[in-house]
Amino acid sequence: MKGGLEETVAALTAASRRKAVDPYAALEWPQTLDRTRYFMSPELISLYGTETWELLDEPARRRLSFWETVNFFSLNIHGERPLVAGLAERLYRDGSEGVEAYLHHFLEEENNHMVYFGGFCRRYAGKVYPDRQLAFPREYAPGEEDFLFFAQVLLFEEIVDAYNVACARDERLEATARRIHLLHHLDESRHLVFGRRYVAVLFARHAATWSPETLEDVRLHLTAFLAMTWGEYYNPCVYADAGVPGNAYAIREAAFVHPRCRDHRRALTAGCLRYLRETGILDREVES
Amino acid sequence: MTEIELREALREWIVRTSGRIGREALRDDTPILEQRILTSLHVLELVLFLEQATGRPIDVQRLRPGVFRDVDTICRSFAARPPS
């Protein structure tokens with residue numbers, strides 16, 4: 001497995017160097033965007049398939065797609081800030097030997113992504129939606145913090161990339177938003193290969209030393225992290241900004257438990273969760 | 001929602017969300033973070049619950065440390081105050 005990781009790191013490092021992108025030249029930023037277009041594939045919008053969605057006319061759905069994109073880009077920024085910090089912390093630290101060459105690219109590429117996401121949100125929405133997360137200090141078993149860091153990154157990026165792939169392909173979408181999805185996906189596809197491999201390595205390295213209570217805590221933590229990550233996709237501020245009629249919090253609650261929305265979440269995370277079960281990281285079915 | 005109503009709704013929310021404590025065991029001074037009844041992963045939903053209950057947005061980045069310590073502290077910090 002160790003050799004496998006080394007080969008993966010070497011291949012990903014070479015690919016990152018070969019495909020390096022200047023984030024300041026990769027995008028043209030039009031003065032204004034055509035706000036009559038879709039900005040996110042309608043099937044990915046958090047209210048799609050709900051009773052509220054059915055009440056919206058076509059212009060309202062497109063308006064909602066813009067604010068959903070601002071939320072998607074905002075939550076990417078809020079996911080990438082601690083990711084950049086966490087990657088920097090792990091450079092040249094015991095246990096990171098062998099992956100550091102790639103961590104440099106991982107960190108650089110995540111920083112680049114925030115240029116795209118922040119640029120879009122600030123220019124066209126005039127804001128980034130605030131982060132509603134707080135981290136509390138706590139004790140960890142040996143290796144637990146590193147494992148959880150990379151496992152959370154993997155779960156977060158698996159979901160994000162599913163949106164990127166679908167939106168990058170969708171010709172109904174406004175061009176700038178679509179290009180950002182594509183640029184993000186091109187880097188994320190490498191991050192996901194690394195993430196899957198490295199998370200399995202870290203789990204194999206540390207899990208045997210954990211108590212049954214720690215192992216159960218780790219599994220519960222990942223389950224809660226997945227629920228929280230999905231929760232961020234249902235933002236009442238989006239519904240208010242898009243002018244969706246009704247109580248934005250009630251709309252959020254109804255959408256989150258709607259069968260179509262559950263099916264959507266389940267479908268998007270099925271592959272990643274199957275991988276986590278196959279590697280023994282999870283030991284049961286997890287509801288998305 | 002009055003502070004009494006918020007307190008009751010909050011207790012129910014914590015028990016339902018956490019799954020780690022029963023209604024009888026949760027006191028208003030139980031340290032819910034210290035005992036890991038809730039974790040940082042619950043903050044998003046807790047903030048949204050409080051925003052909905054109080055009708056006021058919460059800027060998480062401006063919150064002081066310890067604001068989610070226990071039911072008492074949360075209610076004191078977020079309950080709507082009558083106009084003076």
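In what follows, chains are A, B, ... by sequence order, proteins preceding strands, each numbered from 1.
Minimum interatomic distance between A/Q133 and B/V60 (heavy atoms only, all atoms of both residues): O-CG1, 3.7 Å. Shown here for B/R36 and A/D217, the closest heavy-atom pair between the two residues is NH1-OD2, 3.5 Å. Nearest heavy-atom pair, B/S40 versus A/A135, reported as atom, atom and distance to 0.1 Å: CB-CA, 3.9 Å. Between B/L44 and A/M228, the shortest heavy-atom contact is CD2-O, 3.5 Å.
Shown here is B/R27, whose CZ atom has no more than 12 heavy atoms of other residues, nucleotides or ligands within 6.0 Å. Residue B/E34 places its CD atom among 12 or fewer non-hydrogen atoms of other residues, nucleotides or ligands, all under 6.0 Å distant. When the shell of 6.0 Å around CZ of A/R93 is examined, it contains more than 12 heavy atoms from other residues, nucleotides or ligands. Residue A/E285 qualifies as open at atom CD: its count of foreign heavy atoms under 6.0 Å is 12 or below.
Heavy-atom distances place the side chain of B/R20, and not its backbone, under 4.5 Å from chain A. Only the side chain of A/N247 comes within contact range of chain B, with at least one heavy atom under 4.5 Å from a heavy atom of that chain. Of the two parts of B/E45, only the side chain, counted from C-beta on, holds a non-hydrogen atom closer than 4.5 Å to a non-hydrogen atom of chain A. Contact of B/F49 with chain A is not made at all, since no heavy-atom distance falls under 4.5 Å. Contacts of A/E253 with chain B are made by side-chain atoms alone, with heavy-atom separations under 4.5 Å and no backbone atom involved. Of the atoms belonging to B/E51, heavy atoms from both backbone and side chain fall under 4.5 Å from chain A.
Atom-to-atom distance recorded for B/L41:CG and A/H221:NE2 is 4.5 Å, nearest 0.5 angstrom. Note: B/L48 CG to A/Y249 OH = 6.5 Å, rounded to the nearest 0.5 Å. In this structure, A/R138 CZ and B/L33 CG are separated by 12.5 Å, a value rounded to the nearest 0.5 Å.
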